[in-house]
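Report on the structure given below.
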Amino acid sequence: MNFQWYPGHMTKAKRMMQEDIKLVDLVIELVDARIPFSSRNPDIDELGKNKARIILLNKSDLASERYNVQWEKWFQEKGYFVVKINAKNGNGIKAVHTAIQEACKEKTERDRKRGILNRPVRAMVVGIPNVGKSTFINTFAGKACTKTGNRPGVTKGKQWIKLGKGVELLDTPGILWPKFEDQRVGLLLALIGSIRDEILNITELGTEFLRLLIEYYPGMLKERYGVEEKEKAEFLLEEIAKNRGCLSKGGEYDIEKAANLLLDDFRNGKIGKITLEFPDVE
Ligand code: G4P
């Protein structure tokens with residue numbers, strides 16, 4: 001399968017990010033807990049150097065808890081502050097406040113030594129499209145937040161969300177694009193729905209997903225769709241179509257419908273908690 005992207009968007013997004021990042025002390029990067037590696041942007045480490053860094057493993061409700069823990073450890077070992085969250089229902093959000101204080105300890109200390117007291121920590125949220133940035137900002141800021149308008153001498157044209165506990169969040173997240181040259185990365189991003197389905201071959205995508213599921217989570221397909229995993233992935237879509245009554249107008253089994261059903265079920269967490277990428281830990 002061939003995944004394509006649009007370099008024009010990438011260049012513009014990167015330029016905006018370079019500007020915005022100058023305004024903040026802290027970069028809060030969201031990744032998708034189901035594919036924490038492939039849902040990162042390759043430039044973010046360079047862009048965010050010299051800044052405090054937090055990684056949020058978002059959509060952790062859809063991923064396997066066992067691997068959430070492993071990924072958390074993996075990122076921590078690389079020097080990031082890490083929090084597992086569900087931006088949609090707010091799980092883990094409290095811990096983000098603690099992580100911010102921890103991540104910015106050095107800055108706060110430096111300020112204190114210079115006699116600067118109570119200067120808020122400025123943060124921005126970054127991540128690839130659809131990773132949950134807006135959802136996170138809404139949940140994190142909650143109703144209590146107040147938007148600060150343009151302030152003279154400070155970041156003209158930028159809106160900041162004042163959070164309690166001395167934190168200000170740039171209200172527009174930084175959108176960055178994932179790494180696209182790698183076909184496996186493309187496949188994983190397509191599976192989680194980060195690439196528009198219209199430009200993809202759904203049947204092929206569904207078949208690839210079945211292969212991964214059989215390899216990593218044996219038994220799950222049988223449990224959900226009653227199909228025998230001994231069949232080759234190519235034939236399993238038809239089996240799913242049979243068991244789920246996916247029929248075309250002519251009354252034949254509709255493989256594409258079955259693939260759509262399968263992918264929707266995965267993206268909504270109905271098949272189970274599924275991580276598709278694993279950290280290199282013992
Ligand atoms: P973005 O700004 O990074 O582009 O992402 P956005 O917040 O728009 O979120 C993309 C989708 O991911 C939304 O679903 C959102 O509800 C969902 N989402 C965000 N965080 C989580 C999470 O922690 N867990 C789960 N399960 N879903 C999450 P949508 O289908 O576009 O909208 P809706 O169906 O929620 O209305």
Side-chain angles (χ1 to χ4, degrees), residues 5-6 9-10 12-14 16-17 20-21 24 27-44 47-48 54-65 67-69 71-72 75 82-97 99 123-143 145 147 159 161 163 169-180 185 188-200 202 209 224 260-277:
W5 211 261
Y6 312 102
H9 286 166
M10 282 194 260
K12 192 167 164 234
K14 199 170 154 185
M16 271 179 69
M17 178 81 61
D20 283 347
I21 224 156
V24 302
V27 176
I28 302 175
E29 178 188 355
L30 269 78
V31 302
D32 190 305
R34 293 166 296 177
I35 52 166
F37 187 72
S38 293
S39 58
R40 296 194 75 197
N41 169 278
D43 301 317
I44 187 64
L47 285 165
I54 293 181
I55 296 239
L56 300 181
L57 284 171
N58 191 36
K59 307 199 186 185
S60 60
D61 55 306
L62 300 175
S64 150
E65 183 53 21
Y67 295 116
N68 285 344
V69 172
W71 276 111
E72 195 177 13
F75 281 115
V82 190
V83 189
K84 283 180 296 186
I85 63 162
N86 173 344
K88 213 167 163 175
N89 77 358
N91 270 355
I93 294 290
K94 265 193 190 153
V96 179
H97 282 287
M124 76 182 289
V125 171
V126 306
I128 64 166
N130 213 35
V131 75
K133 296 178 296 300
S134 316
T135 311
F136 169 71
I137 291 175
N138 284 336
T139 307
F140 189 56
K143 289 195 186 82
C145 74
K147 277 194 184 181
Q159 294 272 324
I161 302 168
L163 303 167
L169 195 65
L170 192 60
D171 86 333
T172 41
I175 305 168
L176 281 171
W177 268 261
K179 189 176 169 202
F180 252 86
V185 172
L188 294 174
L189 289 161
L191 289 176
I192 65 161
S194 271
I195 302 172
R196 278 182 302 124
D197 281 348
E198 299 91 84
I199 61 170
L200 299 167
I202 290 298
F209 177 62
R224 171 90 189 156
N260 268 313
L261 174 98
L262 178 75
L263 293 171
D264 277 352
D265 280 357
F266 164 60
R267 291 167 186 169
N268 293 318
K270 287 186 183 156
I271 304 177
K273 293 183 184 295
I274 297 170
T275 301
L276 291 174
E277 205 166 44

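Whatever order the structure lists ligands and atoms in, that order sets their numbers, starting from 1.
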Side chains of Lys273 and Glu65: closer than 4.5 Å at any heavy-atom pair? no

In the structure I gave you, are the side-chain heavy atoms of Asp171 and Ile137 within less than 4.5 Å of one another anywhere? no

Nearest heavy-atom contact between Leu30 and Phe136 is CD2-CB, 4.0 Å

With the side chain counted from C-beta on, respond yes when Ile128 and Leu189 share a heavy-atom pair under 4.5 Å apart, and no when they do not. yes

Check whether any side-chain heavy atom of Thr172 sits under 4.5 Å from a side-chain heavy atom of Gln159, and report yes or no. no

Contacts for ligand 1, heavy atom under 4.0 Å, by chain and number, are Asn58, Lys59, Asp61, Leu62, Asn86, Ala87, Lys88, Ile128, Pro129, Asn130, Val131, Gly132, Lys133, Ser134, Thr135

Sorted by chain and residue number, the side chain to side chain contact (heavy atoms under 4.5 Å, CB included) partners of Lys94 (sequence neighbours excluded) come out as none

